[in-house]
Amino acid sequence: MTEEAFDAFYAASFSKVVSQIYAMCGNLAEAQDCTQEAFVRAWDKRRQLDESEAPEAWVRTVAYRLAVSRWRRTRRGFRQADRALEDREGEQPSPTRVALQRALAQLPEEQRRVIVLHHLCDMGVNDIAAEIGAPAGTVKARLSRGRAALAKILGDPEGTRLG
């Protein structure tokens, strides 16, 4: 990938990947940091990245893994003080988004990940399976269980809000 092609890829993909990682991890600052780091790593590998082989999926996977690593470090007690005092000025999420974030946070990690990839990233079952390294049947089962759990949490027993 040329420098110009990478610049266009970055401009077209950055905000989308940030929102996807934010939906997975629930922290906007972490999502932005992890996505930026993933793009830095992609820049170093830009000559190997092929536009026909879904470089956005590669960046999203790297960003997700970075977010998981950071979460594990935080869980071990290495949380930085400035993260606790994070300023969220100007950020006004809607009540629906807050409810969805809380509901997603209650799902097991595997279900949450496939729900986000399918519904927010518009990925098909086979694409999700390839990205996370699981069989398509497993992805379908996680989607089904995740949707059912979200419907129950959100008070929609028929699942009509989830599509």
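Residue numbers start at 1 and run along the sequence shown.
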### Task
On the 0 to 90° scale, with breaks at 30° and 60°, tag the F6-F9 ring pair as parallel, tilted or perpendicular.
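Geometry flag for F9 against F6: perpendicular rings.
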### Query
What's the verdict on side-chain contact (heavy atoms from CB on, under 4.5 Å) for F14 and Q36, showing C-alpha distance, side-chain angles and the deciding distance?
CA-CA 8 Å; F14 182 79; Q36 188 65 38; 3.4 Å; yes
For [X] and [Y], which heavy atoms make the closest approach, and how far apart are they?
| X | Y | value |
| --- | --- | --- |
| A99 | L154 | O-CD2, 4.0 Å |
| A129 | P135 | CB-C, 4.1 Å |
| C25 | E30 | SG-CB, 4.4 Å |
| L66 | A38 | CD1-N, 3.9 Å |

Distance from [X] atom [atom1] to [Y] atom [atom2], nearest 0.5 Å?
| X | Y | atom1 | atom2 | answer |
| --- | --- | --- | --- | --- |
| L107 | R147 | CG | CZ | 12.0 Å |
| T61 | I132 | OG1 | CD1 | 9.5 Å |
| I153 | Q106 | CD1 | CD | 4.0 Å |
| F39 | D44 | CZ | CG | 13.5 Å |
| L104 | I115 | CG | CD1 | 7.5 Å |

When you measure from the side chain of [X] to the backbone N and O of [Y], does any donor-acceptor pair fall under 3.5 Å?
| X | Y | value |
| --- | --- | --- |
| R112 | M24 | yes |
| S69 | R65 | yes |
| S19 | K16 | yes |

### Query
Looking only at side chains, do R142 and H118 share a donor and an acceptor under 3.5 Å apart?
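The answer is no; no qualifying pair exists.
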### Query
E131 and Y64: side-chain donor and acceptor closer than 3.5 Å?
no
### Query
Salt bridge between E56 and R60, side-chain N to carboxylate O under 4.0 Å?
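R60 and E56: salt-bridged.
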In the structure I gave you, are the side-chain heavy atoms of [X] and [Y] within less than 4.5 Å of one another anywhere?
| X | Y | answer |
| --- | --- | --- |
| K140 | R145 | no |
| L143 | Q111 | no |
| L117 | D127 | no |
| T2 | D7 | no |

### Message
Could you go through R41 and R46, starting from their C-alpha distance and side-chain angles, then the distance that decides it, and tell me whether this counts as side-chain contact (heavy atoms from CB on, under 4.5 Å)?
### Response
CA-CA 9 Å; R41 292 180 185 191; R46 71 185 176 281; over 6 Å; no
### Query
Would I21 and Q32 satisfy side-chain contact (heavy atoms from CB on, under 4.5 Å), going step by step from the backbone distance to the final call?
CA-CA 8 Å; I21 299 303; Q32 290 170 332; over 6 Å; no
